[in-house]
Amino acid sequence: NAGVTQTPKFQVLKTGQSMTLQCAQDMNHNSMYWYRQDPGMGLRLIYYSASEGTTDKGEVPNGYNVSRLNKREFSLRLESAAPSQTSVYFCASSPPSSGGVEQYFGPGTRLTVT
Amino acid sequence: QKEVEQNSGPLSVPEGAIASLNCTYSDRGSQSFFWYRQYSGKSPELIMSIYSNGDKEDGRFTAQLNKASQYVSLLIRDSQPSDSATYLCAVFNFNKFYFGSGTKLNVKP
C-alpha cells in the first residue's frame, strides 16, 4: 500500500515550458487535492476534485489546469511555466465524508522555473 | 483576512516542557479541524483531528477546540527534540481545506 505517490520528485523548467505533475493514490479515496507551498505561506489550494469526474478551483488556480483521469489519478499541468510558479507541490487525498476527514499527502514535487 | 491564522514563531521550549500552539479561523461554518506536523523538506503528516468543542487527547498530544471563540490549540506534553518541526493548523469547510502558515517549534535538549 503505497498511499499517495507523486512524480517527478524534482524538476527544473525554463520560463514558457510546460509540464504535467502526476499524482496517484491507492487508498480508494474519493477526494484529491493539489497544493503549493512557498516559504512562510503555508499550503495553498490550487485545485481539488471531490469525486471522479469533477474538479474545482481553489485559492490560486491561475496558470494551472487539472485532470481527474480516474478515481486513482489526479494530474496538474503547467501550460507555460513562470518563475512565480517555483514552489513545492503537494498532492493529497481524503476519503468521502460530508464533514471533512483527514488528508494524506504525497512526498511532494520540488519545481524550479528559471 | 486569512482564513486560518497562526503565529509563525519560532516557539522555543526546553525538553520535557509543554509546548502550546494556537490557531484562529475566520469562518464560523468551519466543520473540522486538524493539526499537521511537517519536518523540513518533508510532506505534512496528520497528528490530530478534532470535530467538536472540548479536548481530545492522543498520547502526548491534546487538541482543544472552542467554536464560539473560533480557536484551536495543540498542546504537546513532555516535549522531545524530535518534536522540533513546523506545525500546521488546517480547517475544513465546504469541500476545501484551509491551512495556516505554520508555527515553527524548537525543542532544546
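All chains are named by letter (A, B, ...) in the order of the sequence lines, taking the proteins before the strands, and each is independently numbered beginning at 1.
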Where along residues 101-109 of chain B does a heavy atom come under 4.5 Å of chain A, listed by residue number? Ser101(B)
Nearest 0.5 angstrom please: Phe105(A) CZ to Lys42(B) NZ, how far? 16.0 Å
Considering only heavy atoms, which portion of Gln38(B) lies under 4.5 Å from any heavy atom of chain A: side chain, backbone, both, or neither? side chain
Can you tell which part of Leu45(A) gets under 4.5 Å to a heavy atom of chain B, answering side chain, backbone, both or neither? side chain
Taken to the nearest 0.5 Å, the spacing of Arg44(A) CZ from Tyr98(B) OH works out to 14.0 Å
Let me know if Ser8(B) has heavy atoms under 4.5 Å from chain A in its side chain, its backbone, both or neither. neither
Spell out, yes or no, whether Trp34(A) and Val4(A) are grouped together once hydrophobic residues are joined by side-chain heavy atoms under 4.5 Å, including indirect joins. no
Does Leu88(B) share a hydrophobic cluster with Phe34(B), counting links as ILVMFWY side-chain heavy atoms below 4.5 Å and allowing steps through other members? yes
Any chain of hydrophobic side-chain contacts (each under 4.5 Å) joining Tyr36(B) to Leu75(B)? no
Could you grab the distance from atom CD1 of Ile47(B) to atom CD of Glu102(A), nearest 0.5 Å is fine? 12.5 Å
Membership question, hydrophobic clusters at under 4.5 Å side-chain separation (ILVMFWY): are Phe99(B) and Leu46(B) in the same one? yes
Contacting moiety of Gln103(A), where chain B heavy atoms sit under 4.5 Å: both
Per-residue contacts, residues 107-114 of chain A versus chain B, heavy atoms under 4.5 Å: Pro107(A), Arg110(A)
Side chain / backbone / both / neither for Phe33(B) at chain A, heavy atoms under 4.5 Å: neither
Under a single-linkage definition using a 4.5 Å side-chain heavy-atom cutoff for Ile, Leu, Val, Met, Phe, Trp and Tyr, are Tyr33(A) and Tyr64(A) assigned to the same hydrophobic cluster? no
Quick one: are Phe97(B) and Tyr48(A) in side-chain contact, heavy atoms under 4.5 Å? no
